[in-house]
Every structure is written in structure tokens, then in C-alpha cells.
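These notes concern the structure reproduced below.
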Amino acid sequence: MNLRNRLLIVVLLAACGAAAWTGGAQSPEARFDLVILNGHIIDGTGSPWYSGDIGIRDGRIAAIGSLAHAAAKRRIDARGRVVAPGFIDMLGQSDLTILVNPHVPSKIYQGITTEITGEGESPAPLSDALIRADHLAYEHYHITPDWKTFDEYFARLERQGIGINLSSYVGATSVRRMVLGDADRAPTPEQLEQMKLLVRQAMQQGARGLSSALEYAPAPYASTEELIALASEAARYGGIYATHMRNESDSEMDALAAEAAKFGGIYASHIRNEGDSIFPALDEAFRIGREAKIPVEIWHLKAAGKANWGRMPQIVERIQAARAGGIDVSANTYAYTAWFNSFSAFIPPWAHDGGDAKLIERLKDPATRARISKDMLNPKSDWDNEWQEIPGPEAIQIAVVQNPELVPLQGKRLSEVAAMWKEDPIDALCDILIKDKAFTNVAVFGMDEPDVGLALKQPWVSIDNDSQGTAPDGLLGAEHPHPRAYGTFPRILRKYVREEHALTLEDAIRKFTSLPAQRMRFTDRGVLKQGMWADVVIFDPQTIRDLATFEQPNQLSEGMAYVLVNGVPVIADGKMTGALPGKVVRGPGYVTR
């Protein structure tokens with residue numbers, strides 16, 4: 001070998017050592033778009049942090065190692081900071097607000113890079129009749145729906161650009177309303193086939209699975225068998241089933257539980273049922289999963305309602321027993337003691353038959369209103385009676401209204417409003433619904449902190465924000481959301497990791513990243529590893545914090561130095577860049593056309 005060739009080999013070996021590629025030597029064109037240097041890498045798996053650099057090219061992680069001398073268009077020095085996968089919100093509500101402000105500042109300042117949306121009602125399928133029925137929501141956000149299918153909705157997102165990745169369930173409520181409207185009746189066999197077809201079409205267009213929110217009319221009108229039929233369609237395409245569960249009488253649920261033992265399979269659910277019915281409600285969830293043969297995800301697991309306070313140990317035990325029996329069931333939580341939902345959920349289901357217009361008519365009729373009040377005051381209700389779950393009207397905070405005349409009520413407790421209006425709290429509730437055409441959303445203080453903390457610590461519990469993406473300014477800034485909209489993930493890092501030591505930092509990150517990615521079947525997100533999409537956050541674990549409160553919720557969290565979505569910074573040096581690099585993340589049943 002001549003001297004020239006020997007020198008060439010030495011130069012090449014030196015270049016390989018400098019670049020420290022995990023996949024081999026660096027070719028002349030193998031230049032990184034971005035290198036993150038000197039970070040404490042927490043890779044999302046739960047493993048302890050380690051020192052290293054990360055090289056990103058074409059939106060993906062191209063190398064992890066020692067890259068100080070590698071060629072790169074841009075470098076970030078992460079010295080003294082944690083470098084982790086972007087956080088995955090297991091239940092957001094941004095399907096409309098991301099059209100208002102595609103940057104979703106409330107999400108990215110928490111470190112959220114991917115959201116799953118579609119709680120019972122999903123952005124598609126849509127019909128002209130549903131658009132007319134839901135016109136208040138579209139008008140409130142100044143949105144003209146120009147889509148009917150998931151294909152069309154996702155195409156709109158891609159044309160517009162989005163700041164985070166977005167994935168969606170198809171809602172069982174949306175499917176039911178497409179065929180039956182808001183009526184309290186069962187589908188005929190032919191109508192059920194139409195509903196199943198809508199689920200199949202949604203799965204083929206990229207939905208991640210089927211969801212239901214069985215507290216909110218007309219969802220409570222769906223039978224267990226109807227849900228099993230729809231969930232079975234989602235299962236055929238590799239989907240999962242997620243639901244906010246109904247409240248049913250113990251006798252009926254015990255019968256369902258006995259029947260459930262005959263089957264194998266899986267189902268996903270939001271458990272927020274009250275009184276003694278929470279345990280039979282779990283059994284119903286397991287039954288649907290077994291018969292539909294579909295994985296179970298329990299949305300924002302909680303022991304909600306004063307009758308359930310202290311029951312989280314038994315709830316955890318019930319779920320662990322199901323897992324030990326072979327059921328693929330897991331859950332998520334947002335770790336606050338107040339939930340957030342439609343104010344109309346306080347009204348018994350029968351009064352919702354026919355939709356919001358019929359509900360308003362019933363609230364205006366003195367005799368029907370008296371019946372509604374009597375049902376709400378009945379402690380032995382066989383429906384999800386939120387009035388019986390709270391200490392009193394002081395536990396309800398008016399949050400978001402549509403009627404401009406009611407905006408001064410945002411942030412006030414129902415007890416305050418009743419005193420101002422000099423009327424009974426239930427009458428004040430009904431009058432707000434009438435004046436706001438049943439649009440109002442409220443925060444409800446109905447949980448106990450020890451139950452919240454215990455749920456959070458379970459190894460199979462991930463994290464959901466359960467709030468739409470929002471912003472402290474513009475149209476969205478006029479609302480008064482739950483503080484979780486801005487603070488869920490940083491609050492967990494501050495309160496439960498840094499202050500209370502209830503979680504290790506590595507385990508919290510696992511709950512934010514690889515655990516939800518595993519559940520949602522994201523094979524290329526949720527872990528810092530070569531070849532994965534470069535959703536990355538960089539922050540100081542000693543300073544990251546939430547600022548949003550129930551009194552002043554519109555405050556962005558602090559501490560995220562950098563947030564990258566698909567390799568592109570949406571936050572750089574703690575400031576929003578304005579980039580829109582998010583992608584629609586379609587489900588496993590997606591069929592390209």
C-alpha cells in the first residue's frame with residue numbers, strides 16, 4: 001500500500017471517530033440539519049439519563065453519540081438540561097381550535113408534540129344536518145366546516161399547517177348521530193349496518209380507533225351491544241377503543257359483569273362513574289373489550305364524586321386483576337381534582353332526547369323543569385347524576401360561554417351566580433343553559449387528591465391533557481378554560497416529581513412518551529432512538545413549572561427551552577418560532593388512495 005492510500009485511510013478513520021455515527025461512517029453529503037449537544041438524555045423508556053448528543057436529519061433522529069465535530073447546519077447546546085422525547089397527549093380536544101390557532105401555544109409550551117383527539121364526538125364524519133345542529137360551536141370559533149369525511153378534514157389540516165402532530169378517534173356518538181340524529185332510540189339492523197360502515201370508512205381514512213363519551217346525550221342512548229358492534233369494526237383495522245363511560249344501576253351492571261366472564265378480548269374507557277356503580281362500570285368496559293376483541297384504554301381515570309373518594313385503591317386493584325387475567329387494559333390521567341365538561345351534563349339524559357333545542361324547551365317549561373330538578377336531587381339516581389357527586393354549587397365554576405351577555409360569569413362559581421340572581425342554584429343552572437343555548441362548559445371540583453396521586457403512580461397510567469389547544473390572546477384567549485389546558489405536563493414535573501417525589505423524572509417522562517406511544521401503536525415516536533421522528537423537548541427539570549390557575553388559567557407554562565416537532569423547532573430559546581411542522585398521524589387501518 002503506497003503512502004497516499006495510507007494517509008487516506010487515516011483521514012477516513014479520523015472522520016468516522018469525530019462523527020461517531022451510530023449507523024457507520026459519515027459520507028460527504030451526510031450533514032445534519034441539527035445537532036443537540038451535551039444533553040442529559042432521558043430516552044423515554046424509563047432508563048436512567050445518560051450524556052450524549054443527538055443528530056437530526058430530514059425530520060428524524062439520524063444519530064446518537066458523540067457528535068461535537070459532526071457537520072451540522074445548526075447546533076443547540078443542551079448542557080445542564082434534559083433532552084427527552086416530545087410529550088404525547090392521550091386525550092386532547094383540539095380538532096376545532098387547531099383551525100383557529102394552528103400553533104396551539106398552550107400545548108407546545110407544555111412540551112406536547114402529539115395529540116390524540118375525538119372524545120365520543122369526532123371531527124368526522126359530518127353531514128349537513130349535524131353541521132346545522134352544532135352551528136353554535138362553529139360560529140363560536142368562526143369556522144366554516146368544509147369537510148365531511150376524515151380524508152377531507154385531514155387534508156384541511158395539511159393544507160393549513162399545524163404546530164403539533166394530530167391523530168383522532170372516530171366517535172361512536174358522531175356515528176350514531178349521522179344515522180339516528182339525537183333521538184333516544186335503538187338502531188334497526190339496517191341502521192346499525194350503516195353505522196358499522198361509517199366506522200369502517202373512518203378507519204380506512206386514518207382514524208385510530210373508536211371512542212365513546214357515554215355521559216353526554218345522545219351517547220347514553222346507545223346499548224352495550226351497539227358499542228360492541230362498532231368496536232368490533234375498529235378492531236378489524238388494528239384500532240383501540242376509548243370511552244368516557246356511562247353510569248348504570250348495579251343490578252344491570254352485575255348482569256353484564258356475569259355475562260362478560262364468558263368472553264375474551266378488550267375495550268378502552270374513560271371511567272368517571274359515581275357511587276357504587278363505578279365497579280360494575282369497569283366490568284362493562286371489560287365486557288365490551290372482550291366481545292369486540294379490542295384493547296382497552298380508560299380515559300382520565302378517577303374516583304369521581306364524593307361517594308367514591310378513597311376508592312382508588314379498589315379501582316386500581318380491579319384493573320390490575322383484569323390485567324393479570326390477560327386483558328390489555330391501561331389508563332391515563334391529568335392529575336387535577338376538578339374535571340371539565342358540558343354544563344348540560346348535569347341534566348338527566350331523558351331531557352336531552354331530540355337535541356339541545358328540545359332540551360331548552362323542557363327547561364323553559366315549569367312542570368318539566370320541576371321534574372328535572374327532582375331527578376337531580378334524587379341521591380339514588382340510575383344515571384350519571386353529577387349534582388349528587390359534588391359538595392355543593394360552590395364546586396362548579398363557570399368556564400366557557402357563547403352568549404356575550406354571560407361572559408362576566410366566566411370564572412365565577414355557581415353559588416355566586418345563584419346569589420347574584422337571587423334564585424336556587426339548580427334554577428340558576430337551568431337559566432344559564434337557556435341563555436347560553438346549552439353551550440356552557442364548567443369546571444367541577446369532585447375529586448380527592450390522594451385518589452389522584454395514587455392513579456398517577458400506576459405503571460400503566462399515562463397522561464392526558466383533556467383540553468383543547470388554546471392561547472392567552474385572540475379569540476381563544478377570551479375563554480376561561482380549566483388550567484390543565486396550559487399546565488398538565490409541567491405541573492406533574494413540578495408537583496409530583498420535583499416537590500413531592502411521587503414519581504422519578506425518568507418514570508414521568510416514560511408516562512409522557514413511550515407508554516402512550518406504545519398504547520397508540522406509534523412505532524416511530526415516543527422514544528429517542530435512531531430512525532424515530534425527531535419530536536424532542538429540552539428543559540431544565542429544576543425550573544419547569546405551570547402558571548395556570550383556576551382563577552387565572554390563560555397563562556403559558558414556563559421552562560421549555562426548545563420543543564421540536566418532526567425535527568423543526570416550534571419553541572427556540574423559550575420563544576415560539578411560528579413554524580407549523582406537525583403531521584396528521586393516521587391509524588393502522590389507513591388505506592392510501
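Only this structure's heavy atoms are used, side chains among them; waters, hydrogens and symmetry mates stay out. These numbers were taken from a predicted model, which means no experiment stands behind them.
- Of the charged side-chain nitrogens involved, none lies within less than 4.0 Å of a carboxylate oxygen, so that E284 and R287 do not count as a salt-bridged pair.
- Within the structure, the side-chain hydrogen bond (donor to acceptor under 3.5 Å, both in side chains) test picks out the following pairs touching residues 351-367 (sequence neighbours left out): D365-T368.
- Listed for the R484 side chain is no donor-acceptor partner under 3.5 Å among the backbone atoms of S467.
- Here the CD1-CG distance, from I116 to N465, works out to 11.5 Å after rounding to the nearest 0.5 Å.
- I347 contributes atom CD1, which lies 6.5 Å from atom CG of L359 (distance to the nearest 0.5 angstrom).
- Within the model, atoms CG of L180 and CD of Q194 stand 8.5 Å from one another, a figure rounded to the nearest 0.5 Å.
- At a cut-off of 3.5 Å, with distance as the only test, a side-chain donor of W350 or D375 sits close to an acceptor on the other residue.
- Annotation: side chain to side chain contact (heavy atoms under 4.5 Å, CB included) contacts of P220 (sequence neighbours excluded): A217, P349.
- Taking 4.0 Å as the cut-off between side-chain N and carboxylate O, E121 and R176 do not count as a salt-bridged pair.
- Counting only heavy atoms from C-beta outward, the side chains of R177 and D134 approach each other to under 4.5 Å.
- A salt bridge does not link E394 with R413: every distance from a Lys NZ or Arg NE/NH1/NH2 to an Asp or Glu carboxylate oxygen is 4.0 Å or more.
- Side chains of E479 and N441: a donor-acceptor N/O pair is absent below 3.5 angstrom, by distance only.
- Taking CG from L363 and CG from D431, the interatomic distance works out to 8.5 Å, rounded to the nearest 0.5 Å.
- Rounding to the nearest 0.5 Å places CG of L454 at 11.5 Å from CG of D448.
- Under 4.0 Å is where a charged nitrogen must lie from a carboxylate oxygen, and between K422 and D427 no such pair does.
- Electrostatic pairing of D283 and R290 does not count as a salt bridge here, judged by no charged N lying under 4.0 Å from a carboxylate O.
- Between H140 and F439, the ring planes are tilted. Angles from 30° to 60° get that label.
- Aromatic ring pairs are classed by plane angle as parallel below 30°, tilted from 30° to 60° and perpendicular above 60°; the pair Y334 and Y336 is tilted.
- We find that E297 and R519 are joined by a salt bridge, their nearest charged nitrogen and carboxylate oxygen being less than 4.0 Å apart.
- Exactly one residue among Y169, W339, Y216 makes a ring pair (Phe, Tyr, Trp, His ring centres under 6.0 Å) with H244. That residue is Y216.
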